[in-house]
Amino acid sequence: MRTQVAIIGAGPSGLLLGQLLHKAGIDAVIVERQSPDYVLGRIRAGVLEQVATDLLDEAGVGERMHREGLVHTGFDMLFNGQRHRVDLERLTGGKKVMVYGQTEVTRDLMAARAAAGLPTVYEAANVQVHGFDSTAPYVTYDKDGQSQRIDCDFIAGCDGFHGVCRASVPRSAIKEFEKVYPFGWLGLLSDTPPVHHELIYANSPRGFALCSQRSHTRSRYYLQVPLTDKVEQWSDDAFWAELKLRLDPEAAEKLVSGPSIEKSIAPLRSFVTEPLRFGRLFLAGDAGHIVPPTGAKGLNLAATDVKYLSNALTEFYAEKSEAGINHYSEKCLKRIWRAERFSWWFTSIMHRFNDDPIMGKLQEAELDYLMHSEAGLKTIAENYVGLPLDFGGR
Ligand code: RFL
Ligand code: PHB
């Protein structure tokens with residue numbers, strides 16, 4: 001088989017790249033290790049920045065999102081027993097975010113790809129990338145016991161943090177920056193009405209909690225838990241009881257509990273790879289960087305990486321210019337580091353790190369300052385709604 005761009009991974013990065021390239025008239029094949037149901041079963045992000053919703057519109061998959069997604073103009077921060085609203089719309093001159101699950105984004109992208117008859121190979125085993133230091137790279141994999149080969153001009157590594165693409169780059173060519181946090185997030189999804197019409201980020205003496213949602217009838221909640229905790233240790237009842245203890249009395253009173261549809265623990269990590277281009281191989285999304293989920297930036301960064309990459313590849317094919325692909329890494333990394341900084345900082349002020357009482361007091365003082373300063377509120381709001389696509393020039 002031959003194609004122009006071989007995309008590894010059918011998560012949101014790979015699927016959105018496929019769609020943007022298709023719109024630009026560039027052929028691509030997506031090779032994914034898992035089945036479609038497995039990909040759709042991963043419950044992850046819930047908040048989209050305006051830049052990401054614009055990109056989904058550009059890709060022609062925004063219709064259901066606008067119909068079913070929830071536009072949020074603010075969120076609450078809870079500490080010291082009191083809730084404070086961050087009015088995103090007022091503080092950013094009119095910007096908002098969209099609450100629409102990653103699962104739904106993925107479903108919409110998969111449907112558009114199928115409707116356009118574009119090729120995706122699911123359940124591909126032993127995927128390997130070759131020759132990306134030449135102008136004739138290729139991908140090999142096994143499918144139904146047969147080994148297959150795709151020759152291409154470029155390889156897009158959209159295969160997430162545990163993928164094969166980053167792992168195939170010689171160690172001497174790559175620099176990795178990493179911070180692992182000493183706790184994880186235990187997430188629970190349930191068909192219960194959300195406790196509040198907007199999100200609540202809570203810093204309580206018992207640890208962080210987040211009240212999020214997927215619709216008016218489906219809630220997503222998270223608790224900070226020690227890394228040593230196992231999901232089996234947490235019954236639904238234990239989860240609801242702990243969440244109640246981390247909320248203010250009004251929210252605790254309103255909280256509606258119910259059976260979990262999904263429950264899992266995710267570790268928290270800050271991670272960046274430099275560079276993001278190795279000859280004819282590009283890394284995009286979680287393959288190149290990870291943020292702790294507190295700032296809701298991971299999926300949004302994946303979407304903007306992929307936009308830069310599709311622009312660069314379009315420039316290559318349409319104008320025979322390598323300028324775009326030469327600047328891909330630098331352009332992405334500028335935006336990525338800004339989001340990494342915000343995600344790390346927001347994680348630092350919202351979680352409990354150890355039992356040292358002075359640190360808890362200092363966090364409360366910082367939050368108190370931020371909530372009572374227009375500059376403090378603005379710094380949270382403008383980072384939360386996200387940077388414009390053209391941030392940082394070229
Ligand atoms: P994905 O989604 O991991 O997809 C990668 C795909 O590649 C496949 N793959 C391979 N395929 C072929 N060969 C191989 N060798 C392969 N190895 C892997 C995988 O099966 C998979 O299908 O990466 P992508 O596309 O870059 O998307 C990134 C996002 O998934 C991620 O950044 C977000 O989910 C992060 N995130 C959030 N981001 C936001 O913007 N807003 C949020 O509110 C938000 N909340 C979250 C989150 C992540 C979380 N977890 C679980 C870490 C909440 C949580 C709890
Ligand atoms: C989610 O709904 O899953 C979600 C929302 C906001 C975050 C992280 C996760 O910061």
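One-based numbering, in listed order, for ligands and for the atoms of each.
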Exercise for the section: Run the numbers on Asp37 and Tyr122 for side-chain hydrogen bond (donor to acceptor under 3.5 Å, both in side chains), then give the verdict. Expected result: CA-CA 10 Å; Asp37 283 348; Tyr122 282 99; over 6 Å; no
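Grouping Ile, Leu, Val, Met, Phe, Trp and Tyr residues whose side-chain heavy atoms lie under 4.5 Å apart, directly or via other members, leaves Leu118 alone, with no other cluster members.
Among residue pairs with one or both ends in residues 287-312, those qualifying as side chain to side chain donor-acceptor pair (under 3.5 Å) are Glu49-Lys297, Glu58-Lys307, His289-Asp305, Thr294-Thr347, Thr304-Arg335, Lys307-Asn311; sequence neighbours excluded.
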List ligand 2's nitrogen or oxygen atoms that come under 3.5 Å of a protein nitrogen or oxygen, with the partner atom and distance.
residue  : atom   : partner : partner atom : Å
ligand 2 : 2 (O)  : Ser212  : OG           : 2.6
ligand 2 : 2 (O)  : Arg214  : NH1          : 2.7
ligand 2 : 2 (O)  : Arg214  : NH2          : 3.4
ligand 2 : 3 (O)  : Arg44   : O            : 3.3
ligand 2 : 3 (O)  : Arg214  : NH2          : 2.9
ligand 2 : 3 (O)  : Tyr222  : OH           : 2.6
ligand 2 : 10 (O) : Tyr201  : OH           : 2.8
ligand 2 : 10 (O) : Pro293  : O            : 2.8
ligand 2 : 10 (O) : Thr294  : O            : 3.1

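Transitive grouping of hydrophobic side chains (ILVMFWY, heavy atoms separated by less than 4.5 Å) brings Leu333 and Val51 into a common cluster.
At a 4.0 Å heavy-atom cut-off, the residues surrounding ligand 1 are Ile8, Gly9, Gly11, Pro12, Ser13, Val31, Glu32, Arg33, Gln34, Val39, Arg42, Arg44, Ala45, Gly46, Val47, Gln102, Val127, Cys158, Asp159, Gly160, Gly163, Val164, Tyr222, Ala266, Gly285, Asp286, Pro293, Ala296, Lys297, Gly298, Leu299, Asn300, listed by chain and number.
A salt bridge between Arg2 and Asp151 is absent, with no side-chain N of the basic residue lying under 4.0 Å from a carboxylate O of the acidic one. Looking at Glu176 and Arg166, a side-chain N of the basic residue comes within less than 4.0 Å of a carboxylate O on the acidic one, giving a salt bridge.
The local environment of CD in Glu253 is sparse, with at most 12 non-hydrogen atoms from other residues, nucleotides or ligands closer than 6.0 Å.
Partner of Ser212 under the side-chain contact (heavy atoms from CB on, under 4.5 Å) criterion, chosen from Leu189, Leu199, Val195: Leu199.
Taking the six-membered ring where tryptophan is involved, the planes of Trp345 and Phe342 are tilted, since the angle between them lies from 30° to 60°.
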